[in-house]
Participant: 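Okay, here's the structure, questions in a sec.
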Amino acid sequence: MPHSRSETIALALEQSSSPAGRARVRAHIAACGAPILAAKEIFLAAAEDAEQTDPRYPVACRAGCWFCCTTPVAVSVFEAAMVRSAVLALPEEAQAAIWARLQAHIAAQHDACAASETPRTVFHHRCPLLTDAGLCSIYEARPLACRSLLSSDADRCRRSFLEGDHGDPQEPFAMVNTAAVFGITELMITLNEGYLDHYPNYELASALYALWTDPQSFMAWQQGELFARNGFPRMAESDQVFPTPPDMSLGPPE
């Protein structure tokens, strides 16, 4: 029986943050020569492993099936930078379309947060990286969080994400991609051991917006600075976005 998402995350954190896990990560960083290079290898390996799904659990996800791409996506700064690089490799017309959608997305997010009576705001909006046809414009470079959720029933996905109809809880349709979840925690620990802002919960759209409007912020991050300024980029958890906490700090590896 597969683990639930929370169980998978707990197990991944336990293994990755254990003394043995951290020792393995430090050795990997040393072999690669830099934490950024080690992070890239971990991301690519996890992304590749995530494509190998368990044949015992049929996956309904297909190109053009974008229903889950309406909730906030949690990423590390490294993944947001990978997404930006992938966007910049697209034709100029496609880049312009993404930039326009991203601006509209952030404006809608600002409005939703301003109207919210609590710090955490439920926010559902089509990902700005989706084309009009419902295809991910940077599919090969998509974050690990996007790869971590799989579905056994596309129509239930549609009803759940677009209509709020979650169906019978005794008949789950969402599945956890274990390779992607473990990759997220490995990436987090690698960045932490490299004395970099390692938080894996930056909200993708706002992180991409920050990188797009201030390209130097990525260089500052690589030099050991926190990525967020005055609560932005926001963070994401489940279907909520919220300001980056003011008490975040790099600190030494835990």
Participant: Begin with the C-alpha distance, continue with both residues' side-chain angles, and end with the deciding distance and a verdict on ring-ring contact (aromatic ring centres under 6.0 Å, His included) for Phe227 and His198.
Facilitator: CA-CA 10 Å; Phe227 187 55; His198 61 282; over 10 Å; no
Participant: May I ask you to check whether over 12 heavy atoms, not counting those of Asp168, lie within 6.0 Å of atom CG?
Facilitator: yes
Participant: Would you mind telling me which of Gln222, Arg229, Gln223 makes a side chain to side chain donor-acceptor pair (under 3.5 Å) with Glu225?
Facilitator: Arg229
Participant: Say you draw a straight line from CD1 of Ile138 to CG of Leu88; how long is it, rounded to the nearest 0.5 Å?
Facilitator: 11.5 Å
Participant: Closest heavy-atom contact between Thr121 and Ala112?
Facilitator: CG2-O, 3.6 Å
Participant: I'd like to check the side chain to side chain contact (heavy atoms under 4.5 Å, CB included) partners of Leu130; sequence neighbours left out, ordered by chain and number.
Facilitator: Trp66, Cys69, Arg126, Cys127
Participant: Can you confirm whether the side chains of Glu79 and Ser76 place a donor and an acceptor under 3.5 Å from each other?
Facilitator: yes
Participant: Over 60° means perpendicular and under 30° means parallel, so classify the ring planes of Tyr209 and Trp99, tilted if in between.
Facilitator: parallel
Participant: Between Phe218 and Trp221, is the gap from one ring center to the other below 6.0 Å?
Facilitator: yes
Participant: Are the side chains of Phe182 and Thr8 in contact, using a 4.5 Å heavy-atom criterion?
Facilitator: yes
Participant: Could you tell me whether the side chain of Ile106 reaches within less than 4.5 Å of the side chain of Ser206, counting heavy atoms only?
Facilitator: yes
Participant: Report the distance from atom CZ of Phe123 to atom NE2 of His105, rounding to the nearest 0.5 Å.
Facilitator: 4.0 Å
Participant: Are any non-hydrogen side-chain atoms of Phe232 and His110 less than 4.5 angstrom apart?
Facilitator: yes
Participant: In residues 236-247, what donor-acceptor pairs under 3.5 Å come from side-chain atoms, sequence neighbours left out?
Facilitator:
| unit_1 | atom_1 | unit_2 | atom_2 | d |
| --- | --- | --- | --- | --- |
| Glu237 | OE2 | Arg120 | NH1 | 3.3 |
| Asp239 | OD2 | His124 | NE2 | 3.3 |
| Thr244 | OG1 | Pro233 | O | 2.3 |

Participant: Identify, with sequence neighbours excluded, every residue that meets side-chain hydrogen bond (donor to acceptor under 3.5 Å, both in side chains) alongside Arg142.
Facilitator: Glu51, Tyr139
Participant: Tell me every residue that passes side chain to side chain contact (heavy atoms under 4.5 Å, CB included) with Leu135, counting only those two or more places apart in sequence or in another chain.
Facilitator: Ala63, Thr131, Ala133
Participant: If I compare all heavy atoms of Gly183 with all of Leu144, which pair ends up nearest, and what's the gap?
Facilitator: C-CD1, 3.5 Å
Participant: Are any non-hydrogen side-chain atoms of Thr71 and His125 less than 4.5 angstrom apart?
Facilitator: no
Participant: May I ask you to test the Arg22-Ile189 pair for a side-chain heavy-atom distance under 4.5 Å?
Facilitator: yes
Participant: Is it true that atom CG of Asp165 has more than 12 heavy atoms of other residues, nucleotides or ligands lying nearer than 6.0 Å?
Facilitator: yes
Participant: Is it the case that one hydrophobic cluster holds both Ile98 and Val73, taking links as side-chain heavy atoms less than 4.5 Å apart, direct or via other members?
Facilitator: yes
Participant: For a quick test of your reading: what N or O donor-acceptor pairs under 3.5 Å do the side chains of residues 23-49 make, sequence neighbours left out?
Facilitator:
| unit_1 | atom_1 | unit_2 | atom_2 | d |
| --- | --- | --- | --- | --- |
| Arg24 | NH2 | Glu186 | OE2 | 2.7 |
| Arg26 | NH1 | Glu193 | OE2 | 3.2 |

Participant: Under 4.5 Å between any side-chain heavy atoms of Leu102 and Leu129, yes or no?
Facilitator: no
Participant: Give the minimum heavy-atom separation between Ala228 and Tyr202, together with the two atoms involved.
Facilitator: N-OH, 3.6 Å
Participant: Is it true that Trp212 and Leu90 fall in one hydrophobic cluster, defined by side-chain heavy atoms closer than 4.5 Å?
Facilitator: yes
Participant: For Ser148 versus Ala145, what's the shortest heavy-atom pair and its separation?
Facilitator: OG-O, 2.7 Å
Participant: Closest approach of Ser217 and Leu211, non-hydrogen atoms and distance?
Facilitator: OG-CD2, 3.7 Å
Participant: Just how far is it from atom CG of Leu13 to atom OG of Ser18, taken to the nearest 0.5 Å?
Facilitator: 11.0 Å
Participant: Is there a path of hydrophobic side-chain contacts, each under 4.5 Å between heavy atoms, that joins Phe173 and Val176?
Facilitator: no
Participant: Enter the distance from Asp197:CG to Phe78:CZ here, rounded to the nearest 0.5 Å.
Facilitator: 14.0 Å
Participant: List in chain and number order the residues that pass side-chain hydrogen bond (donor to acceptor under 3.5 Å, both in side chains) with Gln109, two or more places apart in sequence or in another chain; answer none if no residue qualifies.
Facilitator: Glu203, Arg234
Participant: Could you tell me whether the side chain of Thr53 reaches within less than 4.5 Å of the side chain of Leu150, counting heavy atoms only?
Facilitator: yes
Participant: Cluster question for you: counting only ILVMFWY and a side-chain heavy-atom cut-off of under 4.5 Å, with indirect links fine, are Tyr199 and Met82 together?
Facilitator: yes
Participant: Rounded to the nearest 0.5 Å, what separates atom CZ in Arg62 from atom OG in Ser151?
Facilitator: 10.0 Å
Participant: Are there over 12 heavy-atom neighbours, none belonging to Glu163, within less than 6.0 Å of that residue's CD?
Facilitator: yes
Participant: What is the distance from atom CG of Asn177 to atom CG of Leu149, rounded to the nearest 0.5 Å?
Facilitator: 9.5 Å
Participant: Is any side-chain heavy atom of Val59 closer than 4.5 Å to one of Ser152?
Facilitator: no
Participant: With side-chain contact (heavy atoms from CB on, under 4.5 Å) as the criterion, how do His166 and Arg156 come out once you've worked through the C-alpha distance, each side chain's angles and the decisive distance to 0.1 Å?
Facilitator: CA-CA 7 Å; His166 304 300; Arg156 281 196 63 187; 5.8 Å; no
